[in-house]
Each structure stands twice: as C-alpha cells, then as structure tokens.
4 protein chains.
Amino acid sequence: MAQQAGGGAGGGEVGEKRERILEAAEEVFARRGFHGARVTDIARLAGVADGTIYLYFKSKDDLLVSLFEDRVERINNMLRIILASEQRAQARLEKFINYYLGLAVKNPNLAEVIAIELRSSSKFMKEYKNVKFIEFLGLLAQIIKDGQTAGEIREDLTPEVISRTLFGALDELLLGYLLSRRRYYEATSASEQVFNVFWTGLENRGGRR
Amino acid sequence: MAQQAGGGAGGGEVGEKRERILEAAEEVFARRGFHGARVTDIARLAGVADGTIYLYFKSKDDLLVSLFEDRVERINNMLRIILASEQRAQARLEKFINYYLGLAVKNPNLAEVIAIELRSSSKFMKEYKNVKFIEFLGLLAQIIKDGQTAGEIREDLTPEVISRTLFGALDELLLGYLLSRRRYYEATSASEQVFNVFWTGLENRGGRR
Amino acid sequence: MAQQAGGGAGGGEVGEKRERILEAAEEVFARRGFHGARVTDIARLAGVADGTIYLYFKSKDDLLVSLFEDRVERINNMLRIILASEQRAQARLEKFINYYLGLAVKNPNLAEVIAIELRSSSKFMKEYKNVKFIEFLGLLAQIIKDGQTAGEIREDLTPEVISRTLFGALDELLLGYLLSRRRYYEATSASEQVFNVFWTGLENRGGRR
Amino acid sequence: MAQQAGGGAGGGEVGEKRERILEAAEEVFARRGFHGARVTDIARLAGVADGTIYLYFKSKDDLLVSLFEDRVERINNMLRIILASEQRAQARLEKFINYYLGLAVKNPNLAEVIAIELRSSSKFMKEYKNVKFIEFLGLLAQIIKDGQTAGEIREDLTPEVISRTLFGALDELLLGYLLSRRRYYEATSASEQVFNVFWTGLENRGGRR
DNA sequence: GATGAATGAGCGTTCATTCAT
DNA sequence: GATGAATGAACGCTCATTCAT
C-alpha cells in the first residue's frame with residue numbers, strides 16, 4: 001500500500017507481503033544463520049508485525065522451508081529455460097555451472113542460505129522432504145542421462161552419483177567464495193576449471209558419434 | 001593417544017575425561033545437530049557433571065571447534081601416513097577419496113558432524129579459523145601440486161580450486177550417503193566413479209613423462 | 001426475546017446474530033473452557049467474522065458475562081413458571097432440584113459452563129456483579145422463606161445459607177455427572193436422594209415450636 | 001542458607017525450595033487465578049529464578065497439580081487424625097464439616113485455590129487424575145458407610161452421592177465466604193446449620209439401635 | 001578437580017482486539 | 001453493519017553458563 005513503490009497500474013499486491021517476508025528472511029538467515037535469526041528481526045526488516053509472519057507461515061521452520069521451496073523453484077525455472085536453449089550436454093553443463101556459481105554474485109544472500117542452511121535442514125527438520133531441491137538435482141542428472149543417450153557422455157557413470165558429485169563441488173566453491181573474500185578461484189575463473197575437469201572426465205572419448 | 005600422559009600414581013588417565021567428553025559430543029552433535037544438542041546431554045553421555053565440561057572447554061562453541069580440531073587432526077595424521085606410502089598423484093588421489101568416503105562407514109558420527117556442522121561453524125562462530133581443516137585442504141592441494149610438478153597433472157589447474165572442488169564433491173556424497181540410507185553410490189561404487197571422473201579430468205594427457 | 005426488535009423492513013432478524021454468537025460461545029466455552037476458547041473459534045462456529053463479535057460484545061469477558069446473564073435469566077424465567085405452579089415449599093424444592101439437575105441432560109453445554117466457569121468469573125472478572133445469578137439464588141432462598149412463613153420449614157435456618165448450601169450440592173452433582181460419565185447417582189436417582197435428605201433436614205417436624 | 005530462618009539444628013532444608021515455590025504458587029494462584037498467574041510472579045515471590053521452578057515442576061500445569069496433591073494430602077492426613085478420634089458418624093461428620101469450613105479462616109489462599117481452580121483442572125488439564133482429591137471424597141464416603149454399618153445412618157442413601165452432595169455444599173459455602181466479605185452465614189454459624197440439616201437428613205430415625 | 005543446583009536472558013508463538021475497506 | 005488481515009503485547013519455557021561446596 002503506502003509501501004508499494006511500484007508505480008503504474010495500481011493493483012497487484014497479492015502475495016506482496018508474503019514475498020516481503022521471504023526477502024527479509026533471506027537476508028536475515030544469510031546474515032545470522034537460521035538459529036541466530038530472530039523472527040522479530042525478520043518481521044522488522046519486512047516491515048510487518050511479528051504476528052503477521054504467522055499468517056503466512058506456520059512456524060520459523062516453515063519459513064525456512066518455504067524460502068527454500070520458493071527460491072529453488074525459481075532457480076529450477078530459470079535453469080529449465082537456460083537448458084532448453086542448448087541441445088548438447090557439454091553446453092548445458094557449462095551453462096548449469098556458470099549459472100549456479102553466478103548466484104554468488106547475483107544473489108549472495110540466497111547463495112549463502114542454500115550453501116549453509118540447506119544441509120542441516122534436511123536432517124533436522126522433521127519429515128521435511130525438499131521436493132524442489134530433488135527436482136534441482138534431477139535437472140542435473142537429466143543432463144547426464146541425455147548426454148549418455150546422445151553418446152556424448154560415458155555410459156559407465158551413474159547420473160545420480162555424478163549429479164551429486166557435481167553439485168557438491170559447485171556448492172563448496174560457492175561457499176568458499178562467500179566465506180572468504182579471497183576470490184581464490186576467480187583468477188583463472190574457477191567455473192572454467194571445474195567445467196573443464198568435469199567435462200573431460202565425463203566425455204565419451206573414442207566413442208562412436 | 002599422544003595426549004595420554006600415563007603418569008605415575010593412581011589412575012593415570014589424564015586427558016581421558018576430555019576425550020570422553022569429545023566422544024560424547026561427537027555422538028550428540030551427530031544425532032541432534034549442534035543447536036539441538038544440549039550440554040547436559042553431552043555431560044550425561046560422557047558420565048561427567050555439566051560443569052566439568054567447562055573445565056575442559058570454554059563454551060559449547062569451543063567444544064565443537066575442539067572436536068573439529070581434534071578429529072580433523074587425526075584424519076590429517078592418518079592421511080599423511082596413507083599418502084606417504086604412495087609416490088604418484090594418481091594413487092594418492094585414489095587413496096584420499098577412498099579414505100574420506102570410508103569415514104561414512106568407519107565413523108558415521110564424525111562424518112555427519114563434519115558434513116553438516118562444519119559449514120555453519122566457519123561462518124557463525126566468531127573469529128574461528130579452522131586451522132586443521134585448512135591443513136586438510138592443504139593436503140589435498142599438495143597432492144595436486146606434487147602431481148603437477150611431476151607432470152602427472154595438468155598445469156593449467158589451480159590446486160586450491162581443485163582441492164575445494166574435490167572436497168565438495170566428496171563431502172556431498174558423504175552427506176547423501178548419511179542422510180538417505182539409499183546407498184545409491186555403492187552399487188557401481190561411487191568412489192570409483194568419482195576417482196575415475198576426476199582423474200580423467202586432471203590427468204596430463206600427452207604431456208612429457 | 002425481550003431484545004427481539006422485530007422491526008419493519010427486511011429480515012426482521014435483529015438480535016439473531018447476537019444469539020448465534022451466544023450459542024457458539026456456549027458450545028466452545030463448554031468444550032475448551034473460557035481460557036482455552038478462541039474468539040476466532042466462536043466466530044467461525046457462529047458463522048460470522050471475528051470483528052463482528054465486537055459489534056455485539058465489548059470483549060471476550062463481556063461475552064462470557066452476557067452468556068451467563070442471558071442463560072441464567074432464561075433459567076430464572078423457567079423456574080418462576082415452574083415454582084408458580086406449586087404452593088408448598090416441599091413440592092417447589094423438589095421441582096427446583098429436578099429442574100437444575102435436569103440441565104445436565106437437557107443442556108449439557110450450558111450446564112458445563114455454569115458449573116465450571118461461573119465460579120472463576122465472579123472472582124476474576126473485574127467488578128462483575130452477576131445480577132441474574134444472585135436472582136437465581138434469590139429464588140431458592142425465597143422458597144425457603146415462604147416455607148418458613150408457612151410453617152413448613154424450620155425457623156432456625158438462614159435462607160441465604162441454606163440456598164447456598166443446596167446450590168453447591170446440586171452444582172457439584174451436576175459437575176460430577178458431566179465430568180465422569182459414570183452416572184453414579186442415576187441408579188437410585190441422585191436427585192431423589194438429595195431432595196429427600198434436604199427435605200428431611202429442613203422440614204419443620206412437630207409443628208411450629 | 002541466608003534465607004533459612006529456622007534456628008536451632010542447622011540442617012533440614014531438603015525440599016525447602018520446593019515448598020517455598022508451592023507456597024508462592026498458592027498465594028499467586030489465589031490472588032490472580034491459575035491463568036492470570038505468571039510464572040515469573042511465583043518465582044519472584046518464592047525468591048527463586050524463573051528457571052528454578054522448572055527444576056521442581058515440569059510445567060505451570062504441573063505446579064498447580066502438585067499444589068493440589070500436596071495440600072489435599074495434608075488435608076487428608078489431618079482429617080484422618082481428626083476422624084480417628086471419633087467413633088460415631090454424627091461426631092465425625094460434624095468435625096469434618098467444621099474442619100473443611102475452617103479452612104476459609106486458617107488457610108484462605110488454599111481454600112480459594114481449591115474452591116475455584118480445582119473444578120476446571122479436572123476437565124481441562126489433559127489426563128489429570130486427581131488421586132488425592134478422590135481420596136478426600138473417599139474419606140467422606142467412608143464416614144457415611146461406617147455410619148450405615150453402625151445403624152446410625154439410613155441405609156437407602158448412596159455414600160458416593162451423599163459425599164459429593166455434602167462436599168459441594170461445603171465448597172460453595174467456602175467460596176461464598178471467600179468472595180463476599182459479607183459473612184452472611186457466620187451469625188447463626190453456617191457450619192452448625194449445615195451439619196444440622198444434613199445430619200437430620202441422614203439420620204436413621206426409628207431404626208433399630 | 002568435580003559437582004549440579006541455580007540462574008535469567010532470550011525467543012517463538014498465540015490470540016484478543018482494532019480498523020481500513 | 002460486516003469483514004478479516006494485521007497487530008504487538010505478553011508469557012511459558014529452555015538451556016548455556018556459573019559458582020558455592
């Protein structure tokens with residue numbers, strides 16, 4: 001309302017408050033970690049009362065989970081668009097890597113929450129099944145599978161293992177970047193190296209084609 | 001072990017209580033996570049009074065940090081022995097990977113604490129510089145460097161980037177193993193695949209030698 | 001009833017919403033107690049918005065008080081009719097007892113609210129003077145007084161004490177019935193026993209003395 | 001310690017803190033009711049920290065329940081002594097009534113908590129079975145039973161019904177006394193009247209004997 | 001050194017009430 | 001009149017840490 005900056009058309013603030021809360025949570029979780037974050041801080045940053053948060057989310061836990069779901073879904077959607085523009089596994093993999101590591105710059109708060117809080121969440125939040133994240137890994141695995149079908153990628157590799165492996169590698173690089181301001185991997189561009197090493201490892205050399 | 005003083009009179013169990021506390025912490029942290037773990041639980045499991053923990057550790061934070069230091073040091077020592085028995089980067093890398101992933105079976109509690117808590121600790125524990133962990137990464141980087149010197153590994157890769165990358169990959173596999181009891185990577189042996197992909201990616205093909 | 005305005009145009013259901021709210025409150029208070037009851041629940045059950053309740057009642061406290069006033073007034077009106085049909089204290093007392101204990105069956109929700117919440121209300125609701133309830137006790141006291149005047153009941157008893165005593169006895173029986181589904185007093189008909197004991201105790205034996 | 005007023009022998013403060021908390025709870029519950037009472041107030045009045053209460057009681061609910069158990073047990077013990085000194089039901093009943101109503105003077109806080117909070121507790125505190133209170137009612141029922149066996153009391157009355165009835169009567173009188181400072185029943189001594197009415201009602205007239 | 005009872009700051013969550021529409 | 005989203009004060013409870021013994 002008064003806070004609505006968006007000019008033009010007037011309406012369209014449906015879910016606007018929910019999104020403001022998610023944005024505030026993203027920032028506060030990034031800054032202090034899930035446990036260090038106080039609901040009050042998130043509320044204040046979102047410009048709402050504490051109680052308002054509970055109109056949109058069941059609990060602080062649910063807020064974190066919803067943040068994951070929402071953001072990872074966005075990432076998945078973006079990735080689907082990006083991947084759709086390429087046919088070959090090689091190019092897809094490169095784009096995937098660049099996009100994921102690019103989060104560190106484009107959305108450091110989100111990157112931090114994912115790299116740090118996602119891990120514990122799966123274990124310590126009772127019965128939480130991170131559907132969107134499984135989808136995310138599935139996208140990566142699909143690249144591998146398609147590449148195998150197309151003869152680009154070695155057949156002797158398990159897509160699920162490789163996607164986990166690659167995700168872990170990327171996530172750790174992301175984290176390393178975020179934590180130490182030493183951009184130790186920017187010089188030769190870490191993402192180039194990672195892509196290069198992985199692709200060389202995955203590539204079906206001497207195969208038919 | 002090295003801390004065992006053994007001394008003259010009576011018990012000769014200096015440091016024994018400290019170790020009992022660390023072992024209890026390892027288990028409780030693994031089971032409930034750092035934040036979910038209560039000092040009281042650790043004390044009870046260690047068979048000491050709550051206050052006793054504070055005779056050996058400054059705080060709960062310090063207990064976690066000390067656990068990391070202690071365990072990662074052990075891992076480093078073990079790795080040094082293992083790596084010393086091999087000359088070639090290829091064999092060393094293979095052993096490193098096998099050893100690290102083997103933790104999931106040999107010491108699941110520790111593996112869990114490392115895979116889950118190590119991440120947040122570096123960010124949220126005030127001024128904590130995880131020396132032993134840096135050493136651990138250094139061991140891995142050293143394998144790469146030595147391999148490059150020996151002409152086994154491509155020169156165009158930054159050892160720090162590659163060691164991070166590999167560590168991330170391994171850590172994620174470890175975590176995936178620990179969380180889902182689907183040993184999705186045991187079938188074709190995930191560690192074999194990881195080693196294979198990485199080595200193929202790192203290997204200096206057509207170099208001198 | 002008296003509040004029914006009935007007026008000219010439209011529905012003619014003035015006060016209908018108020019009554020719906022009271023009925024909902026009766027049920028929710030009975031089920032969860034005054035403190036356990038949420039205004040929201042009452043609103044939902046009444047089929048109105050939360051805010052609507054505050055158009056008819058000043059506060060949740062006022063809602064409880066109004067419920068008492070309304071229901072106890074109804075009871076009083078009913079009792080007046082019943083008592084008017086009898087001349088003798090003995091018969092009146094018997095009808096009073098039967099009517100009051102009969103609430104457990106005819107209107108268990110109301111019975112529960114009266115037996116449980118009425119007690120605390122008088123003490124903890126600031127400056128609440130339960131006029132209707134005092135009237136209710138007055139009806140009982142009047143039976144005694146009339147009986148004394150008529151020589152049916154011993155002169156040495158204080159009507160106010162006896163009415164309190166009898167009310168307490170009945171209320172406790174009501175409560176016992178409502179809480180335990182053991183109808184321990186239905187067998188020989190508790191109400192018969194109570195009437196019998198009390199009447200024997202009150203009766204003016206051997207003439208005026 | 002410093003707070004230990006008790007002179008002489010030095011030791012003996014076992015459970016002293018628990019008892020201090022119970023006493024504070026008794027007073028605060030009496031003054032503000034269970035729901036209006038804040039744990040902090042009880043702690044302050046008891047001279048302990050908030051957390052200390054939770055070393056002795058599981059929750060605020062448990063504190064109320066424990067208070068009931070403790071106090072009603074005391075009452076039961078006292079009653080057993082009193083009743084043991086009399087053989088006849090008549091005298092026992094009289095003493096019972098006098099003792100119970102005497103609580104209003106000797107221990108008004110306790111009387112208030114019992115008269116007001118005991119009622120709701122049985123219904124709204126999940127799975128609370130008030131053993132001591134059942135015992136209390138049992139004592140009263142036993143007087144009736146014994147009286148029937150001895151031929152003092154009419155055989156056609158159900159002890160459980162009568163004991164409930166009598167208890168309700170007494171409790172209501174207690175409450176009336178506590179709430180209104182009008183001692184409307186002190187003039188002719190309410191307890192005398194109650195005893196008189198009940199005894200006349202219960203007495204086995206014209207029976208053998 | 002070892003104990004464990006005591007501490008009390010801190011926080012997630014609830015819910016009666018308000019008020020712009 | 002009716003709505004129901006928003007508010008924010010209030011509070012029970014936890015648990016890392018201390019310290020007298």
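All chains are named by letter (A, B, ...) in the order of the sequence lines, taking the proteins before the strands, and each is independently numbered beginning at 1. Please read all numbers here as calculations on a predicted model, not as lab measurements. When reading the values below, keep in mind they use all heavy atoms of this one structure, side chains included, and skip hydrogens, waters and symmetry mates.
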Query raised in the report: Given pairs defined as Watson-Crick or G-U wobble with both distances under 3.5 Å, what dot-bracket annotation applies to DNA chain F, with ( ) intrastrand, [ ] crossing, | other strand and . unpaired?
Result: .||||||||||||||||||||
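If you measure from atom CZ of A:R44 to atom C1' of E:dG12, you get 15 Å, rounded to the nearest angstrom. The separation between C:D41 atom CG and F:dG4 atom C1' is 15 Å, rounded to whole Å. B:R20 has its CZ atom 15 Å from the P atom of E:dG1, to the nearest Å. Between the CD1 atom of A:I21 and the P atom of E:dT13 there is a distance of 14 Å, rounded to whole Å. Here E:dT14 presents its C1' atom at 18 Å from CZ of A:F57, a figure rounded to the nearest Å.
A side-chain hydrogen bond (donor to acceptor under 3.5 Å, both in side chains) check over residues 36-48 of chain D, counting only residues at least two apart or in different chains, returns the pairs D:R38-D:D41, D:T40-D:D50. Every pair passing salt bridge (Lys or Arg N to Asp or Glu O under 4.0 Å) that includes a residue from residues 23-33 of chain B is listed here, sequence neighbours excluded: B:E26-B:R71, B:E27-B:R31.
The CG atom of C:L64 sits 4.0 Å away from atom CZ of C:F68, with the distance rounded to the nearest 0.5 Å. One finds the CD atom of C:E69 at 5.0 Å from the CG atom of C:N130 (value rounded to the nearest 0.5 Å). The distance from the CD atom of C:E112 to the CG atom of C:L179 is 6.5 Å, given to the nearest 0.5 Å.
Judged as a ring-ring contact (aromatic ring centres under 6.0 Å, His included), and not counting sequence neighbours, the contacts of A:F29 are A:F34. D:D70 pairs by the salt bridge (Lys or Arg N to Asp or Glu O under 4.0 Å) definition with D:R74, not counting sequence neighbours.
The nearest pair of heavy atoms linking A:A37 to A:K60 is O-NZ, 2.8 Å.
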Query raised in the report: Along nucleotides 5-15 of chain F, 5' to 3', which nucleotides get a B, which get an S, and which get a -, given that the test is a protein heavy-atom distance under 4.0 Å?
Result: -BBB--SSBBS
